Every structure is written in structure tokens, then in C-alpha cells.
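Please read all numbers here as calculations on a predicted model, not as lab measurements. Order of the sequence lines fixes the chain letters, A, B, ..., with proteins taken first and strands second; residue numbering starts at 1 for each chain.
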Amino acid sequence: MPELPEVETIRRGIAPHLLGQRIDRLEVRERRLRWPIPLGLEQALAGQQIDSVERRGKYLLIGLERGTLLLHLGMSGSLRLLPAGLPAEKHDHLDLVLNQGQMLRLRDPRRFGALLWTTEDPLGHPLLRALGPEPLGENFDGATLYRASRGRRSAIKALIMDSKVVVGVGNIYANEALFAARVHPAHPAGRIGHERCARLAAVIQQVLTEAVTQGGTTLRDFLREDGRPGYFAQRLQVYGRAREPCPSCGAPIEQQRIGQRSSFYCPRCQR
DNA sequence: CCGGACGCCTGTCGGC
DNA sequence: TGCCGACAGGCGTCCG
């Protein structure tokens, strides 16, 4: 579910409620996520103060006095800030109960999400170590994309969704960025020149930035920490719009599977 | 190294 | 109405 804009929206939403708070306790009802929640995590967290709430790619990093929680929402994960003690519903797998009456609750029907724990530099964690640059950071531009794509025979869409190349771009925003850059999603990555790499990098940044300002995209079940939806769905140009007219030229949007993911594009505008 | 397929899960939707 | 397959915002792992 959540791509960079949704995770960043959640981060901004929860950070003010978590920072400086102390964790009363962690209550786990279901340990079987993408990876099992570490045994004994409850003991490790109890009483610790929350010092930071950051994001790396689609991971949330909750920094404590000693150690860091790594939280990933997978396809269907969501976080809510709720009054402590509210009865858990189906798929509410855990609560991080804070010391002033609130709790952070994780719901994740498909259980592709993860809650992990490290007492070392979190960026050195095996799951984060090999991640590519942040698209909205200083280490990502057209030259990055150009270098990463040389010699690559795979589709450009697969390349921009590869977290070793650039983090945070999932299926929705990959489709939208390729439309904005007028690049066909199946175009071989290695055959795209400097200029179009620059255009593509720029629109990735534009689309993600705009999506963050809209609070992300709510299609089915994404909600922010306070239960409000994100409003970027209204801005989607091609994602989920098969057979609708292209907003630019009017030709019907086509849908095709590329790299096991649904891809939407305008056959006339995107080459 | 690279590219592609698979599997992990549950819920929903469309077709019959 | 019920059943069944396809599909859904991710991503680590395995195989050729």
C-alpha cells in the first residue's frame, strides 16, 4: 500500500505525538508479520523515551534512547493514534502504548509489514544498508538515473521501482512519473538518454512532492494516523484509469503487466 | 551481476 | 446466492 508519500505523511502525522513521549509498554497480539516480531521486544522497549521519528525509503525509524524500531507497512499496513485501551479489531496486531493516554496501533491485514529492532546504526541494518538514494534528497538526479540504467535491459518502470536505484517509488507513482515524463513504462532502461533521464528524475521528484503535500493517495484503505484520507487520488492521471481518455491527448489509457505489476500508460504520449 | 518468477497473506470484486 | 480466479499500494529470495 504505502509508497514514499504515504509513509512520509504518516511520519509527519505521528512525529509530534511521539517525540519526547515515553513508551509504557508494547502489546503484541500477532507476532507473525513479514518477519516475526522479535521475542522480548516488549522488555526492550518498556520505559524508553522516543527521541526521533524518521523515514528511510518506505521504512519508518523510531529512535529510542537505546536502539531503533524499524517499521515497514508492506502492502496493507496502517498506523493510527488512538486512546490507549480502545478495543482491538481484526488485524490490529500491536499497540505501542505511550505514557500519556495514547497509543500507536498497527493494523495490517496481509501481514507483509514488519517491526524490527536494532541497537546499532539502523542505516547499517541488512534491510536498509543496500538502499539507493532518497528521491527527494541531494543524491538523486538525472545523472544518478542515467548511471544506474546503463547496460540494463529491463523495463524503465522496473528500474525506477528498484529500491537499490532509488527508494520510495512504488507502482502508483512509477506509473504517474512515467506519464508525466512521457516515457513508455516498458522502454528498455539502458536505451534512455541523458535528457530523458533528467526529465524522469525531475518528474519523480515533482510527483512525490505533490503527493506528500496532498497527504498521499487513498485508493482503498490508506488512512493517516488520525483517520483522514490522502487526497492525491484526485490527481492521478493514469493509475487505475484503463480505457479512460488520456488527460493530455484523449487516446484511451492502456493497461499492461510489466514486471508482474499493472502498468497504465498513454500509448500515444509515452514512447 | 542481472532479470524474472515466486511466495508471503487477506480481502474484494467480477464473472459465471 | 455461492464459488472461483484474478488482483491489490511491497519486497526478499531463489533460480537460470
Report the distance from atom CD of A:Glu6 to atom C1' of C:dA8, rounded to the nearest whole Å. 14 Å
Any donor-acceptor N/O pair, A:Gln255 side chain to A:Ser262 backbone, under 3.5 Å: no
Between N or O atoms, less than 3.5 Å apart, protein on one side and nucleotides 11-13 of chain C on the other: list the pairs.
from: C:dC11; atom 1: OP1; to: A:His72; atom 2: NE2; distance (Å): 2.5
from: C:dC11; atom 1: OP2; to: A:Lys58; atom 2: NZ; distance (Å): 2.9
from: C:dC11; atom 1: O2; to: A:Arg34; atom 2: NH2; distance (Å): 3.3
from: C:dG12; atom 1: OP1; to: A:Tyr59; atom 2: OH; distance (Å): 3.2
from: C:dG12; atom 1: O4'; to: A:Arg34; atom 2: NH2; distance (Å): 2.6

The side chain of A:Glu3 lies closest to which of these nucleotides: C:dA8, B:dG3, C:dG9? C:dG9
What is the pairing partner of C:dG9, taking Watson-Crick or G-U wobble pairs with both distances under 3.5 Å in any strand? none
Salt-bridge present (A:Arg243, A:Glu254; N to O < 4.0 Å): no
Tell me if the CG atom of A:Asp121 is crowded by more than 12 foreign heavy atoms within 6.0 Å. yes
Report yes if the side chains of A:Val207 and A:Thr209 come closer than 4.5 Å at any heavy-atom pair, otherwise no. no
Roughly how many Å is it from CG in A:Leu60 to P in C:dG10, rounded to a whole number? 15 Å
Residue among A:Val7, A:Leu96, A:Leu71, A:Asp108 satisfying side-chain contact (heavy atoms from CB on, under 4.5 Å) with A:Leu79: A:Leu71
Please check if the number of heavy atoms outside A:Arg182 that lie under 6.0 Å from its CZ is greater than 12. no
With a 4.5 Å limit on heavy-atom distance, are the side chains of A:Leu115 and A:Leu41 in contact? yes
Closest-nucleotide 5' rank along DNA chain B - winner of A:Gly259 and A:Lys164: A:Lys164
Separation of the C1' atoms in B:dC2 and C:dG9, to the nearest angstrom: 26 Å
Look at the side-chain N and O atoms of A:Tyr173 and state whether any lies under 4.0 Å from the OP1 or OP2 oxygen of C:dG9. no
Residues A:Gln49 and A:Arg22: side-chain donor-acceptor under 3.5 angstrom: yes
For atom CG of A:Leu236 and atom C1' of C:dG9, their distance in whole Å: 11 Å
Nucleotide C:dG9, atom P - distance to CG of A:Leu208 in whole Å: 16 Å
I'd like to compare against my own output: the B/S/- annotation of nucleotides 9-15 of chain B with a strict under-4.0 Å heavy-atom distance to protein. BBS----
Output the rounded distance in Å from NZ (A:Lys157) to P (C:dG9). 8 Å
Can you tell me the base-pairing partner of B:dC9? Count Watson-Crick or G-U wobble geometry only, both distances below 3.5 Å, and say none if there is no partner. none
What is the nucleic acid contact for A:Arg107, judged by heavy atoms within less than 4.0 Å: base, sugar-phosphate only, or nothing? nothing
Please work out if A:Asp221 contacts a base, only the sugar-phosphate, or nothing of the nucleic acid, heavy-atom cut-off 4.0 Å. base
If I pick the P atom on C:dC14 and the same atom on B:dC9, what distance separates them, to the nearest angstrom? 16 Å
What's A:Thr217 touching, base or sugar-phosphate or nothing? Going by heavy atoms closer than 4.0 Å. base
Near-ring test A:Tyr173/A:Phe232, centroid separation under 6.0 angstrom: yes
Tell me whether the NZ or CZ atom of A:Arg55 lies within the 45° cone about the ring axis of A:Tyr59 and under 6.0 Å from its centre. no
